[in-house]
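Proteins come first, then strands; the chains are lettered A, B, ... in the order of their sequence lines, and each starts at number 1. Given the structure is predicted, the values throughout are model-derived calculations rather than measurements.
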Amino acid sequence: DILCRFKRMQGFNVLWQPGTDHAGIATQNVVEKDLAARGTDRHTVGREKFIDLVWEWRRKYGGLILNQLKRLGCSCDWSRERFTMDEGLSRAVKEVFVRLHEEGLVYQGDYIINWCPRCHTALADLEVEHQEKESRLYHIRYPFESGRGYLIVATTRPETLLGDTAVAVNPEDKRYADLKAVRVLLPVLNKPIPVIFDSYVDTWFGTGALKITPAHDPNDFEIGNIHQLERVKVIDEQGRMNELAGPYQGMDRFECRERIVRDLEGLGLLEKVEPYRNAIGHCYRCKTMIEPLLSKQWFVKTAPLAKAAGDAVRSGRTRIYPVHWEGVYFEWMDNIRDWCVSRQIWWGHRIPAWYCAACGRVHVAKAAPERCAHCGNPELVQETDVLDTWFSSALWPFSTLGWPDSTVELSTFYPTSALVTGFDILFFWVARMMMMGIHFMGDIPFKDVYIHALVRDAEGKKMSKSKGNVIDPLEVMDQYGTDAFRFTLAALAAQGRDIKLSEERILGYRHFVNKLWNAARFVLMNIGPIKTTGPQNLPSTLADRWIFTRLARVSEQVAQAIEDYQFNEAADLCYQFVWHEVCDWYLEMAKYHLYGEDTELKQATAANILEILTASLKLLHPFMPFVTEEIWQKMPGKPGSIMTAAFPCATDFPTDETSLQEMDILTGVISGIRNIRGEMNIPPSKTVSVVVDAVKAHHRDILNRNLDHLKALAKVDTVSVGTALPKPEASATAVFEQISVHVLLKGLIDFEEEKRRIKKGIKKLEKEWEIADRKLSNKGFLHKAPTEVVSEVREKAEALSAKLSKLKENLSFLEGIHD
RNA sequence: AGGCACGUAGCUCAGGGGGAGAGCACUACCCUGACACGGUAGGGGUCAAGGGUUCAAAUCCCUUCGUGCCUACCA
């Protein structure tokens, strides 16, 4: 949003496609609360009732919520027309699926899914939570078919042995070298299964012999493929043992485990049981232990798509910021596996495929075929599986613009400029959009990908719904204000680093919002009846020349920082400029003119502070949209919204580089006096007299022209500026450039204190001088360092030693008095 | 186990080969006509430790320690 507001203010035609990041938490709350209010939950609500509720939610909260429902394992019957949640997207999804199928990039195959027997859904890898748990490692004897001896196999899941179709050992394992072509008997079922050799097996783990259950373990499935093993599925979708489990049929999987262990013991086949800790996959929603199950799934062949998507980044057509993430992206693209796109959930785009009720053939088409193209049977049943959320999400950059029609929107906005997202969906979403965009549009979907920081909790952990360590943004906004929160996020969003949310920082930026508000109040209070606004009121005073010069530079820097996705840099520049330059110096100096007698100057100043406020609001608007808009609406001559105002540009303002140096002199002298006042504990109510001894004529000029500011800002009553002036006796002295500022402290000065202060200054300077001097006496430095660096150090050393001698002079003067 | 980050002021963090920074907290003096959610000034750091490259290292490289994240697996 910061980027969009900024671009729009720069005059770009902005199309913002809000993603669904962060919608998940809100959706879950809505859904769960609503179900709870009705005295039910998502496991028991039932499909029909749920579908009705989806419609209510949709009316109440809008369409965005639906995308998130899929993640909750919610689903509905896609064939029912009233659930066409987004006609455009739905069309695009069918189009893409059918085309991929025609190109041979879609196929059906066997796959081990992570099945939750309670939610009745398959879970993506990311949705499986691994929890370390106390468990047991069972050592089970598999007798040799020959009848003599046995092989010991270690397992944590004895109930799956009913589906074993082999026992594997490592070919390097000498213990089992003589088991070639040997078979063992599956305990209980007494079914002979082969011993196979595969290097996947670790010799050091357990007994070095691994039971292979291709239908209930992803790794065993892979091994099974290599060795062409039979796949025996013994656990069903309810988590119960099926007819292939023999005597255990109908038992729950956990009950079966107990029974089979007891039976093995009875048979003398249980060698031993060891306590064991291991991580077991659980459903991230209901915490039920997941069951890996064999099933038929739809796949997309990703190799050709991923190659093109990788090349687009390699060639720089799409750039990923921070660049560090490019490596992660390549890593994934280069090692990609085929994408399983089918999901067994209640809500989603139903796969456009039909099975013939007679011959069983599959027909992939955009609409239901009249009859089977193979056998002519008119009875066709649509696939009940729906597509992975990311399948439709992958089409986002072009499906939302009207594809497959060629629309004006599509030709105007595709490829898009930038995608801003979190790293956690770099693979799931960004990579898929790249693949689909390039494949179907023939061009990249976006030029830049900015991977933003992730907000973590106080311990630096990733926030997650299931962990419950989520900071609710609405609460923070209530507490500190939306603009303060937003500004904080921007200020903390350094590239490549995550955000540990700090309440102190939010509080600090809330104060900043308040400061801006008060500064605006001051300006609006003092501009009076402005006749004209804008830069036609040429700045004449030092303060004006200086602030416009600074404004020009800051505007440029802020714009550049945003362009570079350095949001923290941009936010900080705004903060420093508005608070410490505009408020601390400029407005303070403007007061003198506003409260003065010179009506012409008064009017010019009024116009200028208004101009500076206007520009400051514009600079801040992308970061603090609400307060800037609110102030904007109160300002005279500001039609419309600040959103449509032009972002400040360096060339909008009159600049004068010499004003920067002049201002340095003035602020330097003022700071010097303030420093003495502070160190000497002189209350602000007490004014002092000063004598300024300046060597350079133009320094004296600057000071003489700004005596009033000096008096007002340093609380000075009388001041005399001259050269080679003697140091007044009862005075403290600040040295700056070639200027000595003597603050008269008759009756106030504590000479010991002043000596201490000067000694402190000398000590600090000497340290700095030593560093510079060491460099200058280093031949290597003089020869090899760049000339500008050498001359810089030389100048510095000279300035330091000049200042030092001034301070020492002062010190001996003081010591003279005292003695 | 592997990969990737990160250890800078009491706290939260910027910066990043030539002068140690911000916000909050702290100390002192102040309700001065926008603002005490404020003003002015001040104190506070061997930039994790050790080594290397360089004229020059908080910054680049290596090692160690610590922290966090990601990925995989744990039969």
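For the 3.5 Å distance criterion, the side chains of Glu679(A) and Asn675(A) fail to qualify, holding no donor opposite an acceptor. No hydrogens or angles considered: a donor-acceptor pair under 3.5 Å links the side chains of Arg231(A) and Asn225(A).
The aromatic ring of Tyr595(A) is stacked on the base of G33(B), with the two ring centres less than 5.5 Å apart and the planes inclined by under 30°.
When the side-chain nitrogen and oxygen atoms of Lys500(A) are compared with OP1 and OP2 of C13(B), one or more of them lie within a distance under 4.0 Å. Contact annotation: His511(A) side-chain N/O to G38(B) OP1/OP2 distance is under 4.0 Å. In terms of phosphate contacts, Lys760(A) brings a side-chain nitrogen or oxygen within less than 4.0 Å of OP1 or OP2 of G43(B). For Lys515(A) and G39(B), the shortest distance from a side-chain N or O to OP1 or OP2 is below 4.0 Å. Within the structure, a side-chain polar atom (N or O) of Lys775(A) is placed less than 4.0 Å from OP1 or OP2 of G19(B). Considering only side-chain N and O atoms, Asn518(A) lies nowhere under 4.0 angstrom from the phosphate OP1 or OP2 of C37(B). Regarding contacts with the backbone of A34(B), a side-chain N or O of Lys591(A) is found under 4.0 angstrom from either OP1 or OP2. Taking 4.0 angstrom as the limit, Trp579(A) places a side-chain polar atom (N or O) nearer than this to OP1 or OP2 of G39(B). Asn681(A) has no side-chain polar atom (N or O) that falls below the 4.0 Å cut-off from OP1 or OP2 of U40(B). OP1 or OP2 of G23(B) has at least one side-chain nitrogen or oxygen of His580(A) nearer than 4.0 Å.
Of the candidate nucleotides A5(B), A41(B), C11(B), C11(B) has the atom nearest to the side chain of Glu504(A). Here U32(B) is the nucleotide among U32(B), A34(B), A14(B) with the atom lying nearest to any side-chain atom of Lys715(A).
Distance check: Arg521(A) CZ to Leu613(A) CG gives 13.5 Å after rounding to the nearest 0.5 Å.
When ring centroids are compared, Tyr575(A) and Tyr509(A) come within the 6.0 Å threshold. With ring centers used as reference points, Phe512(A) lies 6.0 Å or more from Phe623(A).
Remark: the separation of the C1' atoms in C13(B) and G52(B) is 30 Å, to the nearest Å. Comparing A49(B) with G66(B), their C1' atoms are spaced 11 Å from each other, to the whole Å. A gap of 25 Å separates the P atoms of A57(B) and G10(B), to the nearest Å. Taking the C1' atom of each, C60(B) and U53(B) are spaced 8 Å apart, rounded to whole Å.
You'll find a donor-acceptor pair under 3.5 Å spanning the side chain of Arg505(A) and the base of U12(B), going by distance alone. A donor-acceptor contact under 3.5 Å is formed by the side chain of Glu588(A) with the base of A34(B).
Lys711(A) forms no cation-pi arrangement with Tyr592(A), by the criterion of a distance under 6.0 Å to the ring centre and an angle within 45° of the ring axis.
Using cut-offs of 30° and 60° for the angle between ring planes, the His593(A) and His709(A) rings count as perpendicular.
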- Watson-Crick and G-U pairing of RNA chain B written in dot-bracket, each distance under 3.5 angstrom, with | for inter-strand partners: (((((((..((((....[..)))).(((((.......))))).....(((((..]....))))))))))))....

